[in-house]
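All residue numbers in this chain count up from 1 along the given sequence.
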Amino acid sequence: MSETAKLPGLTQVEERVTFTPTREAGLARLDRFVARAGRHYAGQRNYDLGPDRRSNVSALSPWIRHRLITEHEVLRATLARHAPSTAEKFIQEVFWRTYFKGWLEQRPSVWVSYQQGLLRSLEALEHDPTLAQDYDAAIGGSTGIDGFDPWARELVETGYLHNHARMWFASIWIFTLRLPWELGADFFLRHLLDGDPASNTLSWRWVAGLHTKGKTYRARVSNISKYTEGRFRPEYKLSNIAEPLVETTQHPKVPIRRADQIPDGEFLLLVTEEEGQFADVLKGSPAGTLGLLATDGRSPLAIGQRARAFAQGAVQDGVSRNGGGDVLSVDDWAEPIIAKTEQLGVTSVVTAYAPVGPVADRLADALGALEQAGLALHQIRRTYDDLAWPHATKGFFELKRNVPQVLRGLGLGS
């Protein structure tokens, strides 16, 4: 079969996903996709057929990222329809996101290092006209590289890219355009509806050869042509060399932070971008609910309109389903939390455990003021994370090997 020949039986169905930031919409998308999570997904998942043909992938990541639907729910629905062996590829993709979360949680210095590198790269843009010109062409989709330019525009316009396109894009950014990887990771994090500090940062580092030391991902013309069905073929534009990047910073492994128990008595429920679904973890109803956004913490630059709107909608949906309340976007979280607890007459604040990223940073900044005000902050973590994260110590294989054990712990495996 030629490189551009169509895969026999490849889905030709037109299906543009509408990313509505509600739990209801996430469950509807899961219900629509789950029948295709077996052999269909395994055989066709690598094809980027364009934004109007997404029937070969789940496109669930924006809802999972904000936990409007949970990984547990996705796995349960999948295994209710398919044998574990049949849905193995899709199950592994669910756990890849979990792997990155758990890995970064045990090496938080990688997030700090990324932020520092981003600030250095942004400063370099101000002093290097050539770098600034190349960067503007890349994010504006005007490099002249077939595939790369349409993906840049698609990301900004839709807030979503196929996973394969994300790898190709990152590889071209790093090895062909020779742009700092931190600027590319920032571009993604500012615009992706599923923008996640762990998945995004570590995926870019993986392509660059920093995550798995010395192993890079090189975008190839033949691969792009095959898996886009010939839509794109960037002839003579791509680098044939992908030398791994190196860093001198060491990132020691640290223990996973302790999670808290739900307190007795009344409490304020704090909804953030990390969790919009609490019905299955809370004991009773909160005395009141407050939503706080950390979207601006993703980057020193402006956040994409679609990414911002999805994050705000996700938090609003979580607040609405838990009694209603305000959703605020402020830098200092302590002040509105203290004001709300005083209004309610409570001294406990319950929120979802915040993994490494902007939400965790905002909570850490507010903690001193909350304690001084006599408030106790309780970060509760899901059993799924407790079971999976400890296996995310090295490469993905260690977690993959323990997937059956995690599933049994969730009551989903024999």
Side-chain angles (χ1 to χ4, degrees), residues 1-17 36 40-59 61 89 93 96 130-131 133-181 183-185 187-188 191-192 194 200 203-209 215-245:
M1 183 173 70
S2 68
E3 290 173 341
T4 59
K6 294 181 180 180
L7 183 73
L10 187 63
T11 299
Q12 303 298 314
V13 176
E14 292 190 6
E15 183 182 54
R16 176 179 281 268
V17 180
R36 304 193 294 261
H40 177 101
Y41 176 83
Q44 304 186 19
R45 66 192 179 95
N46 284 334
Y47 284 81
D48 177 16
L49 305 174
D52 292 322
R53 295 170 62 191
R54 294 298 189 209
S55 63
N56 62 322
V57 294
S58 77
S61 56
K89 287 297 182 184
E93 287 303 308
W96 261 107
T130 301
L131 176 63
Q133 183 178 1
D134 292 344
Y135 170 75
D136 288 341
I139 65 174
S142 59
T143 66
I145 299 177
D146 193 25
F148 183 92
D149 289 347
W151 289 322
R153 294 191 293 269
E154 182 183 341
L155 173 61
V156 173
E157 292 167 5
T158 71
Y160 183 84
L161 282 180
H162 185 283
N163 184 60
H164 218 157
R166 299 185 195 199
M167 294 193 299
W168 291 323
F169 188 98
S171 181
I172 295 170
W173 181 287
I174 296 168
F175 301 118
T176 296
L177 298 177
R178 300 289 178 179
L179 291 168
W181 75 268
L183 291 177
F187 179 51
F188 270 25
H191 289 283
L192 284 170
D194 60 16
N200 189 65
S203 293
W204 275 83
R205 285 174 58 87
W206 180 80
V207 170
K215 181 180 180 180
T216 61
Y217 178 81
R218 181 165 71 87
R220 289 175 167 82
V221 174
S222 59
N223 192 262
I224 293 173
S225 179
K226 174 181 177 180
Y227 287 107
T228 63
E229 289 196 297
R231 287 192 305 129
F232 304 126
R233 190 176 180 86
E235 293 278 14
Y236 313 117
K237 293 285 188 179
L238 303 189
S239 172
N240 290 320
I241 300 173
E243 290 290 334
L245 304 186

Strictly by side-chain hydrogen bond (donor to acceptor under 3.5 Å, both in side chains), give each pair with a member in residues 136-145 just once, sequence neighbours left out. Thr143-Asp149
Work out which heavy atom in [X] is nearest to a heavy atom in [Y]; give both atom names and the distance.
X: Thr216; Y: Ala208; answer: CG2-O, 3.6 Å
X: Ala152; Y: Ala138; answer: CB-O, 3.5 Å
X: Ala219; Y: Ile172; answer: CB-CG1, 4.0 Å
X: Val221; Y: Pro234; answer: CG2-O, 3.4 Å

Counting N and O atoms only, with roles assigned by atom type, does the side chain of [X] sit under 3.5 Å from a partner on the main chain of [Y], one being a donor and the other an acceptor?
X: Arg53; Y: Gly50; result: no
X: Asn200; Y: Ala185; result: yes
X: Trp173; Y: Pro180; result: yes
X: Ser171; Y: Met167; result: no

Which of parallel (below 30°), tilted (30 to 60°) and perpendicular (above 60°) describes Tyr227 and His164? tilted
So, taking the atom named [atom1] in [X] and the one named [atom2] in [Y], what distance separates them when rounded to the nearest 0.5 Å?
X: Leu192; Y: Thr158; atom1: CG; atom2: OG1; value: 8.5 Å
X: Ser55; Y: Tyr47; atom1: OG; atom2: OH; value: 13.5 Å
X: Ser58; Y: Glu93; atom1: OG; atom2: CD; value: 9.0 Å

Those residues that, when tested against Arg218, pass salt bridge (charged side-chain N to carboxylate O under 4.0 Å, His left out) (two or more places apart): none
Checking Arg220 now: which residues fulfil salt bridge (charged side-chain N to carboxylate O under 4.0 Å, His left out) with it, not counting sequence neighbours? none
Using a 4.5 Å cut-off on heavy atoms from C-beta on, say whether the side chain of [Y] contacts that of [X].
X: Leu161; Y: His191; answer: no
X: Val17; Y: Tyr160; answer: no
X: Tyr135; Y: Leu183; answer: yes

Among pairs that include at least one residue of residues 154-171, which meet salt bridge (Lys or Arg N to Asp or Glu O under 4.0 Å), considering only residues two or more places apart or in two chains? Arg54-Glu154, Arg166-Asp194
Checking Arg231 against Glu229 for the salt bridge (Lys or Arg N to Asp or Glu O under 4.0 Å) test, could you report, in this order, the C-alpha distance in whole Å, the side-chain angles of both residues, the deciding distance, and whether it holds? CA-CA 6 Å; Arg231 287 192 305 129; Glu229 289 196 297; over 6 Å; no
Which residues satisfy the side-chain hydrogen bond (donor to acceptor under 3.5 Å, both in side chains) test with [X], sequence neighbours excluded?
X: Trp204; value: none
X: Asn163; value: none
X: Trp151; value: Asp48

For His162, enumerate each residue passing the ring pair (Phe, Tyr, Trp, His ring centres under 6.0 Å) test, keeping only those at least two apart in sequence or located in another chain. none
Go through the structure and list residues passing side chain to side chain contact (heavy atoms under 4.5 Å, CB included) with [X], not counting sequence neighbours.
X: Pro150; result: Arg153, Phe232
X: Lys89; result: Tyr41, Ala42, Arg45, Gln92
X: Arg205; result: Val110, Trp181, Thr201, Leu202, Leu210, His211, Lys213, Glu247, His251

Determine, step by step, whether Leu155 and Phe187 satisfy the side-chain contact (heavy atoms from CB on, under 4.5 Å) criterion, reporting the C-alpha distance in whole Å, the side-chain angles of both residues, the deciding distance to 0.1 Å, and the verdict. CA-CA 9 Å; Leu155 173 61; Phe187 179 51; 3.6 Å; yes
Would Ile145 and Thr176 count as a side-chain contact (heavy atoms from CB on, under 4.5 Å) if you check the C-alpha gap in whole Å, the side-chain angles of each, and the deciding distance to 0.1 Å? CA-CA 10 Å; Ile145 299 177; Thr176 296; 4.1 Å; yes
Could you verify whether a donor N or O on one side chain and an acceptor N or O on the other, from Trp168 and Tyr217, lie under 3.5 Å apart? yes
From CA spacing to verdict: side-chain contact (heavy atoms from CB on, under 4.5 Å), Leu177, Phe148: CA-CA 11 Å; Leu177 298 177; Phe148 183 92; 3.6 Å; yes
Tell me which donor-acceptor pairs under 3.5 Å the side chains of residues 238-245 have, and how far apart each pair is, sequence neighbours excluded?
residue, atom, partner, partner atom, Å
Ser239, OG, Ile241, N, 3.0
Ser239, OG, Ile241, O, 2.8

